[in-house]
Undergrad: 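Take this structure first; my questions come after.
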Amino acid sequence: MTVKVKYSVIVPMYNEEEVIDHTYGRLKEVMDSAGEPYELIFVNDGSRDGTVAKTSLIAGADPNVRLIDFSRNFGHQIAISAGMDYAQGDAIVVIDADLQDPPEVILQMIAKWKEGYEVVYGRRLKRKGETLFKKLTALAFYRLLRSMTNVEIPLDTGDFRLIDRKVCDVLRSLKEKNRFVRGLISWIGFRQTSVEYVREERFAGETKYPLKKMIGFALDGITSFSYKPLKIATYLGFFLSLGSFFYLLIILYQRLFTSTTIEGWTTIVGLNLLFNGIILLLLGVIGEYIGRIYDESKNRPLYIVRETLGYAEQAAKAEAGRAEEQKLAGRDGR
Ligand code: UDP
Ligand code: MG
């Protein structure tokens, strides 16, 4: 029989050729020291560089390594979700490929898991080597998200975390397309705890989250867990109408009972621009939600896999193991 995998480590990769060898080395060292069977699942999220070639080599040489190769870039959150679909372990760890999350922390996570926690998330005490802009936007985002939603999403945590098999199974049963994985994990519940760590500098290469992706990610986070933006639209509409109504009364009074003439052009154009801007903005907010409803309703698969590596080898090993066992059993029987 094959050995049952105890730990699965999921590594999403998008153009990470510069770091992959090093990441593999560090992860292997840490996971070897954990002393239980494990698998490293590298998910290639449509990289355009040598990431696949390098990972294939690693997977060919190390039976603990698997590669899930996407047909194109589907996004970080989806890559993580795919890794969870393929993971076989009792505890599943998600870690970035760029070594910003130190692999050594996984051992602390495992220790907490053994104490009985079902989710152990990494909490960033400090972020090294990231731009002030990134730090500030991250700080603002986590606080905005918290004020917008009822789900207890812990502050300053990324996707670096360990989850129990139970949590992984529940997560997989949530089929939503615009996935904000860390939020979903908080929403699921279970016994959760954290370990603290210092976020290192990226080992090499540059961030794969340009501003555009960051905004999309933030919108996914907010719209997946809250319809407060829609409520804000309602309130804003209400107060603006109320204000306009009173303003109307005032100018009506001035027109009928006083001799003041009201300067028209500037006011009209100004108000028009302001109100049209607000209306378009609120239409945009509604659009964000409708777009997401549209995404959900199409029912397309979350991702498309070009090929997987490491699984056939594993099956062959299992086959060999079974044959060996039968031989032994046969010998015993005689
Ligand atoms: N990533 C991915 N698909 C993407 C963007 C990023 O799989 O479309 C991976 C990336 O390779 C890395 C992780 O997600 O392993 C986090 O990305 P990155 O380190 O660039 O983000 P940052 O740390 O700057 O927020
Ligand atoms: Mg990073």
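Atoms within each ligand, like the ligands themselves, are counted from 1 in listed order.
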Undergrad: Who's the nearest protein heavy-atom neighbour of atom 19 (O) of ligand 1, and how far?
TA: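 Nearest neighbour among protein heavy atoms for atom 19 (O) of ligand 1, to 0.1 Å: D98 OD2, 2.6 Å.
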Undergrad: Quick check on contacts: which atoms of ligand 1 are under 4.0 angstrom from a heavy atom of K213?
TA: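 Contacts of ligand 1 toward K213, numbered from 1: 4 (C), 5 (C), 8 (O).
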Undergrad: Considering distance alone, does some N or O of A79 sit under 3.5 Å from an N or O of ligand 1?
TA: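 So ligand 1 has no N or O lying under 3.5 Å from an N or O of A79.
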Undergrad: What atoms in ligand 1 come closer than 4.0 Å to a heavy atom of Q100?
TA: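 Those of ligand 1 that fall under 4.0 Å from Q100 are 19 (O), 22 (P), 23 (O).
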Undergrad: Are R292 and E288 close enough for a salt bridge, meaning some N to O gap below 4.0 Å?
TA: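 Looking at E288 together with R292, the answer is yes, because their closest N to O distance falls below 4.0 Å.
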Undergrad: Is the distance between the ring centroids of F74 and Y303 under 6.0 Å?
TA: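 Ring centroids of F74 and Y303 are no less than 6.0 Å from each other.
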Undergrad: Quick test: of every protein heavy atom, which one is nearest to atom 6 (C) of ligand 1, and how far off is it to 0.1 Å?
TA: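 Looking only at protein heavy atoms, the one closest to atom 6 (C) of ligand 1 is K208 CB, 3.6 Å.
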Undergrad: Just to check, does M214 reach to within less than 4.0 Å of ligand 1 when the distance is taken from its heavy atoms?
TA: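 M214 does not count as a contact of ligand 1 under the 4.0 Å cut-off.
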Undergrad: Could you name all protein N, O or S atoms found under 2.8 Å from the Mg ion (ligand 2)?
TA: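 Checking every protein N, O and S atom gives D98 OD2, Q100 OE1.
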Undergrad: Check this for me: does any side-chain nitrogen of one of E196 and R124 sit under 4.0 Å from a carboxylate oxygen of the other?
TA: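 No, no charged N to carboxylate O under 4.0 Å.
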Undergrad: Quick one: look up the protein heavy atom nearest atom 16 (C) of ligand 1 and list residue, atom name and how far away it is.
TA: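 Looking at atom 16 (C) of ligand 1, the protein heavy atom closest to it is D96 OD2, 3.4 Å.
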Undergrad: Considering non-hydrogen atoms of the protein only, which is the closest contact for atom 24 (O) of ligand 1, and what is the distance?
TA: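 Result for atom 24 (O) of ligand 1: T207 OG1, 2.6 Å.
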Undergrad: Using a cut-off of 6.0 Å, state whether more than 12 heavy atoms not belonging to E307 lie near its atom CD.
TA: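 Correct, the count exceeds 12.
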Undergrad: Taking R182 first and then D159, would you say they form a salt bridge - that is, a charged N and a carboxylate O separated by under 4.0 Å?
TA: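 So R182 pairs with D159 through a salt bridge.
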Undergrad: If you measure every N/O of G75 against every N/O of ligand 1, is any gap under 3.5 Å?
TA: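 Such a contact does not occur with ligand 1.
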Undergrad: Report, as yes or no, whether the 6.0 Å neighbourhood of atom CD on E206 holds more than 12 heavy atoms from other residues, nucleotides or ligands.
TA: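 Atom CD in E206 is not packed in, count stays at 12 or less.
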Undergrad: Thinking salt bridges, do R66 and E39 make one under a 4.0 Å N-O criterion?
TA: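 Yes, this pair counts.
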Undergrad: Please list, in number order, the atoms of ligand 1 under 4.0 Å from a heavy atom of R199.
TA: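 What qualifies from ligand 1 is 23 (O).
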Undergrad: Relative to ligand 1, is N73 under 4.0 angstrom through side chain, backbone, both or neither, heavy atoms considered?
TA: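 It is the side chain that touches ligand 1; the backbone stays farther off.
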Undergrad: Please check if I278 and L280 belong to a single hydrophobic cluster, counting links between Ile, Leu, Val, Met, Phe, Trp and Tyr side chain heavy atoms closer than 4.5 Å.
TA: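 No, I278 does not connect to L280 through the hydrophobic network.
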Undergrad: When you look at CZ of R48, are more than 12 heavy atoms from neighbouring residues, nucleotides or ligands closer to it than 6.0 Å?
TA: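 Count not over threshold, so no.
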Undergrad: Thinking salt bridges, do D69 and R306 make one under a 4.0 Å N-O criterion?
TA: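 A salt bridge is present here (some side-chain N lies under 4.0 Å from a carboxylate O).
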Undergrad: Tell me which protein heavy atom sits closest to atom 1 (N) of ligand 1, plus the residue, atom name and distance to 0.1 Å.
TA: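 The answer is Y14 CB, 3.7 Å.
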Undergrad: With no hydrogens and no angle check, just 3.5 Å: does a side-chain donor-acceptor pair link Y14 and N44?
TA: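 The answer is no; no qualifying pair exists.
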Undergrad: Should Y38 and S8 count as side-chain neighbours, where that means a heavy-atom distance under 4.5 Å?
TA: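 No, their side chains stay 4.5 Å or more apart.
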Undergrad: Which residue holds the protein heavy atom closest to atom 21 (O) of ligand 1, what is that atom called, and what is the gap in Å?
TA: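 Ranking protein heavy atoms by distance from atom 21 (O) of ligand 1, first comes Y209 CD1, 3.4 Å.
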Undergrad: In the protein, what heavy atom is nearest to atom 18 (P) of ligand 1, and what distance, to one decimal place, separates them?
TA: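 Heavy-atom neighbour on the protein nearest atom 18 (P) of ligand 1: R202 NH2, 3.5 Å.
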Undergrad: Can you pull out the closest protein heavy atom to atom 9 (C) of ligand 1? Residue, atom name and distance to 0.1 Å, please.
TA: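 Of every protein heavy atom, P12 O, 3.9 Å lies nearest to atom 9 (C) of ligand 1.
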Undergrad: Any nitrogen or oxygen of E206, side chain or backbone, less than 3.5 Å from one on ligand 1?
TA: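 Min N/O separation from ligand 1 is not below 3.5 Å for E206.
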Undergrad: Between R191 and V119, is there a donor-acceptor pair closer than 3.5 Å when you use the side chain of the first and the backbone of the second?
TA: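 Absent.
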Undergrad: Any Lys/Arg nitrogen of D45 or R72 sitting under 4.0 Å from an Asp/Glu carboxylate oxygen of the other?
TA: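 Not counted as a salt bridge, because no side-chain N and carboxylate O are separated by less than 4.0 Å.
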Undergrad: Nearest heavy atom to atom 14 (O) of ligand 1 wins, so pick from M13, Q77, H76.
TA: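 Looking at heavy atoms only, H76 sits closest to atom 14 (O) of ligand 1.
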Undergrad: Taking the side chain as every heavy atom from C-beta outward, state whether L171 and V181 have any pair of such atoms under 4.5 Å apart.
TA: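 Side chain of L171 against side chain of V181, heavy atoms only: contact under 4.5 Å found.
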Undergrad: Please could you name the atoms of ligand 1 that E16 approaches to less than 4.0 Å, counting only its heavy atoms?
TA: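 Ligand 1 atoms under the 4.0 Å threshold to E16: 10 (C), 11 (O), 12 (C), 15 (O).
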